[in-house]
K.L.:
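Next up is a structure, given as structure tokens.
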Amino acid sequence: MKLKKLCAILLASSMVLSLAACGGSGSEPKQDTAAEDTKEPEDANTDTADAAEEESGEDTAGDEAGADASGETGSSEENYYGGLVPLDDADDPITYTFFVRDPGVVPADNNPVIQKITELTGVTIKFEFLVGDLDQKLGVMIAGGDYPDVIFAGDAGSKLRDAGAFIPLEEEIPKYPNLNAMYGNVLKYLTQADGHVYDMEIYGTFQNDVTEVAPPFECALGFYIQKAVLEEAGYPEVKTVDDYFKIIEDYMANHPEIDGVKTTGFEILADGWRNWALLNPVQNLLGAGNDGAVFVNQDTLETSFFQISDDAHAFYQKLNEEYQKGVIEAETFTQNYDQYISKITTGAVLGFYDQNWNFQSAQDLLKADGKFERTYVAVPITNPGVKDGYLDKSNGIPSGTNGVGITVNCENPDRLLRFFDWLCQREVQDYLQWGEEGTDWVYSADGGKELTPERRAIVRDTARKRDETGLTLWNYCPKWQGIYTSDGMPCGTGESPDEYLASQSDYDKSFLEGYGIKYPAEMFSDPIVRAAYYPVWALTLEDGSPAAVANTKITDVTMKFYPRLILAKDEAEYESIWNDFLKEFNTIDLESYQTEIDSQIAQKMAK
């Protein structure tokens, strides 16, 4: 059965098919299409639906049935439902509670994609997004042992591991073919100090035989600037902090208001755990990536504290100068995340330091409003003479701290793991990310994939994307990312060059032409394959240990003094605050932290 037909059937919720269950529910899962040794299509420009059938190992006439992710094998075409074999217990509904450390909104109950997934699996995922402070929320969970079934807590998950909240997974993952294909080669990197694996990383392309790293189209973090500012300046090269703020100052002088809103030169988000805009820029100016609380010399792996360096002194003094000029406003340090996003969506903010996923919702709203000139692009700013190191090329090693964990309160972890495994079938991944062929996406002239204009409009609308697609479910569950090695097709829309180019507005195309480039990433140096330890922020510190206490104090002290430095009334006050900062910073037990980090770097490099 061709993939087009399969996806069409998948969406036809009114169609009822007979399901023949074969084998017991306790049987070991067998390999499915995502983890199979797939066949490379002979010609990428031939019928790619047929090629997809060849890759999955299915008979195109539908006479033979493959194996599903739960170990069930069908005996006839009627066992298939939209090209997927439903889980054998799909008629036995079960609900799992899932806490996410991010603020957000739960998808609508009538989300058609999630409804279809529930129909095919019997599994309902009940999301709970963070409201308030993450540490407080986790503290309440730990104190009462009141855990949901699944938790994504990011690097804060170490608190939950230390509290014994998660079940070990090292003996479970190999039982599920797709999960094993995804994580089997990197279990040693997911293993914690006690010898157990507690979470499944959900972001990145890992060492496996199914996918490979996709090339970047844009830079994922750094100093962002509004495209209109660069256009008016004549598409200049922006290489230093001085270059960056000079063109922002010039644009502000010419445009004190934008669409009736007062122009803001530079925003700094410092809300809760989203504090990297205030703390991280100096390491990037030194040529590092998104590493952590220390600067790591990539030649020697020696660590040092960039927070108290001369480079930090110069950078925050520059921000102070921009505050004195009115480019930075004091209220930037008191606004919360929602206010920050709301301000960006006005189109009146010219620049900020951030990570692209963090402000993507604002970017999408600007695009939906047709304000493409008010969208943003990162520029490769470093200290003079320093090569930029913003772009990463994945080394295939998971951080070990950025995954989902199943808690001790989960009554049926096996079924949840079978659900995750089922989601990792290629057909399901395509359905969650791309939708239905012909309606939501089409093959490009070059044989790649791109969204239809209608689907693209949905994706750019935050509410519609949440309520009409499967992207929320996809985002917080184990998934394939990158390029499928079997046929070179992108796992998702963000990895498709065809979709990236097709999604560009006429303004964006003109902007790129102004720089003589095809993708914004071409402004930067080539992506860097990071060392095995990378990044430092993902290294686990035992809760309450001297190193962990020192790490918290490093953040607390810098968060205390950096805003004061930026808001200093003059140079004399700046120097006085800087000296107070150095004194307090140096009272921290820096040696305990640095010794632990050096030790963990050495351990990861030795694996």
K.L.:
For a 4.5 angstrom cut-off between non-hydrogen side-chain atoms, does Y183 reach L169?
P.N.:
no
K.L.:
Please list, chain by chain and in numerical order, all residues satisfying side chain to side chain donor-acceptor pair (under 3.5 Å) with N208, sequence neighbours excluded.
P.N.:
T211
K.L.:
When you measure from the centre of the six-membered ring of Y337, is the NZ or CZ of R274 under 6.0 Å away and within 45° of the axis?
P.N.:
yes
K.L.:
Just say parallel, tilted or perpendicular for the rings of F359 and Y376, cut-offs at 30° and 60°.
P.N.:
perpendicular
K.L.:
For atom NZ of K518, decide whether the heavy atoms of other residues, nucleotides or ligands shown that lie under 6.0 angstrom number more than 12.
P.N.:
no
K.L.:
Quick one: does T472's side chain have a donor or acceptor within less than 3.5 Å of a partner on P107's backbone?
P.N.:
no
K.L.:
Is it true that a side-chain atom of E495 and a backbone atom of I483 form a donor plus acceptor pair closer than 3.5 Å?
P.N.:
no
K.L.:
Determine, stepwise, if the pair R418 / D88 fulfils salt bridge (charged side-chain N to carboxylate O under 4.0 Å, His left out).
P.N.:
CA-CA 10 Å; R418 286 193 290 118; D88 60 295; 3.3 Å; yes
K.L.:
So do the side chains of M182 and C424 get within less than 4.5 Å of each other, counting heavy atoms only?
P.N.:
yes
K.L.:
Whether the side chain of T118 engages the backbone of I114 through a donor-acceptor N/O pair (distance < 3.5 Å, no angle test) should be reported.
P.N.:
yes
K.L.:
Tell me, do R455 and W434 make a side-chain contact under 4.5 Å, heavy atoms counted?
P.N.:
no
K.L.:
Would a distance-only check, ignoring hydrogens and angles, find a side-chain to backbone donor-acceptor pair under 3.5 Å from D155 to T401?
P.N.:
no
K.L.:
Would you please say whether a donor-acceptor pair under 3.5 Å links the side chains of Y533 and N395?
P.N.:
no
K.L.:
What is the ring orientation for F127 with F98, classed by angle as parallel under 30°, tilted 30 to 60°, or perpendicular over 60°?
P.N.:
tilted
K.L.:
Do side-chain atoms of W474 reach the backbone of Y431 as a donor and acceptor pair under 3.5 angstrom?
P.N.:
no
K.L.:
Would L512 and Y519 count as a side chain to side chain contact (heavy atoms under 4.5 Å, CB included) if you check the C-alpha gap in whole Å, the side-chain angles of each, and the deciding distance to 0.1 Å?
P.N.:
CA-CA 7 Å; L512 293 172; Y519 305 113; over 6 Å; no
K.L.:
Output every pair passing side chain to side chain donor-acceptor pair (under 3.5 Å) with a member in residues 103-113, not counting sequence neighbours, ordered by first then second residue.
P.N.:
none
K.L.:
In Å and rounded to the nearest 0.5 Å, what is the CG to CG distance from D498 to D446?
P.N.:
5.5 Å
K.L.:
Is it the case that the side chain of E499 and the backbone of L451 share a donor-acceptor pair, with hydrogens and angles ignored and the cut-off at 3.5 Å?
P.N.:
yes
K.L.:
To check you understand the geometry: which heavy-atom pair defines the closest contact between A90 and L120, and what is its length?
P.N.:
CB-O, 3.4 Å
K.L.:
Look at D199 together with R161 and state whether they make a salt bridge at an N to O cut-off of under 4.0 Å.
P.N.:
yes
K.L.:
Hey, does the side chain of E170 reach the backbone of H196 with a donor-acceptor pair shorter than 3.5 angstrom?
P.N.:
no
K.L.:
We want to know whether T493 and Q433 form a side-chain donor-acceptor pair, criterion being a heavy-atom distance below 3.5 angstrom.
P.N.:
no
K.L.:
What heavy-atom pair brings G400 and E201 nearest, and what distance separates the two atoms?
P.N.:
N-OE1, 3.1 Å
K.L.:
Out of curiosity, F206 CZ to S399 OG, how far, rounded to the nearest 0.5 Å?
P.N.:
7.5 Å
K.L.:
Distance-only, no hydrogens or angles: does the S496 side chain make a donor-acceptor pair with backbone N or O of K449 under 3.5 Å?
P.N.:
yes
K.L.:
Do T97 and E128 come within less than 4.5 Å of each other through their side chains, counting heavy atoms only?
P.N.:
no
K.L.:
Distance from L366 atom CG to T375 atom OG1, nearest 0.5 Å?
P.N.:
7.0 Å
K.L.:
Would you confirm whether Q429, through its side chain, and W480, through its main-chain N or O, come within 3.5 Å as a donor-acceptor pair?
P.N.:
yes
K.L.:
Are D508 and K367 ion-paired here, with the side-chain N under 4.0 Å from a carboxylate O?
P.N.:
no
K.L.:
How are the rings of W357 and W276 set relative to one another: parallel (under 30°), tilted (30 to 60°) or perpendicular (over 60°)?
P.N.:
tilted
K.L.:
Return yes when atom NZ of K604 has more than 12 non-hydrogen atoms of other residues, nucleotides or ligands closer than 6.0 Å, and no otherwise.
P.N.:
yes
K.L.:
Taking all non-hydrogen atoms of both residues, which atom of I94 and which atom of N412 are closest, and how far apart?
P.N.:
CD1-CB, 4.1 Å
K.L.:
Grab the two heavy atoms, one from T439 and one from T452, that are nearest each other, plus how far apart they are.
P.N.:
O-OG1, 3.0 Å
K.L.:
Considering all heavy atoms of both residues, which atom of E450 and which atom of S444 are nearest to each other, and what is their separation?
P.N.:
OE1-CB, 3.4 Å
K.L.:
Could you tell me whether the side chains of N356 and Q360 share a donor-acceptor contact shorter than 3.5 Å?
P.N.:
no
K.L.:
Taking the side chain as every heavy atom from C-beta outward, state whether L417 and I406 have any atom pair closer than 4.5 Å.
P.N.:
yes
K.L.:
When rounded to the nearest 0.5 angstrom, what distance separates OG1 in T345 from CG in D369?
P.N.:
8.5 Å
K.L.:
Answer whether the closest heavy-atom distance between the side chains of W422 and N178 falls below 4.5 Å.
P.N.:
no
K.L.:
Do other residues, nucleotides or ligands put more than 12 heavy atoms under 6.0 Å from D92 CG?
P.N.:
yes
K.L.:
Return yes if some donor-acceptor pair links the side-chain N/O of D364 with the main-chain N/O of D461 below 3.5 Å, else return no.
P.N.:
no
K.L.:
Do D414 and Y176 meet the criterion of a side-chain donor-acceptor pair at a distance under 3.5 Å?
P.N.:
yes
K.L.:
Would you call the rings of F524 and Y390 parallel, tilted or perpendicular if under 30° counts as parallel and over 60° as perpendicular?
P.N.:
perpendicular
K.L.:
I need the minimum non-hydrogen distance between L391 and A521, along with the two atoms involved.
P.N.:
CD1-O, 3.8 Å
K.L.:
Under 4.5 Å between any side-chain heavy atoms of I202 and K479, yes or no?
P.N.:
yes
K.L.:
Is there a side-chain contact between P478 and L423, using heavy atoms and a 4.5 Å cut-off?
P.N.:
no
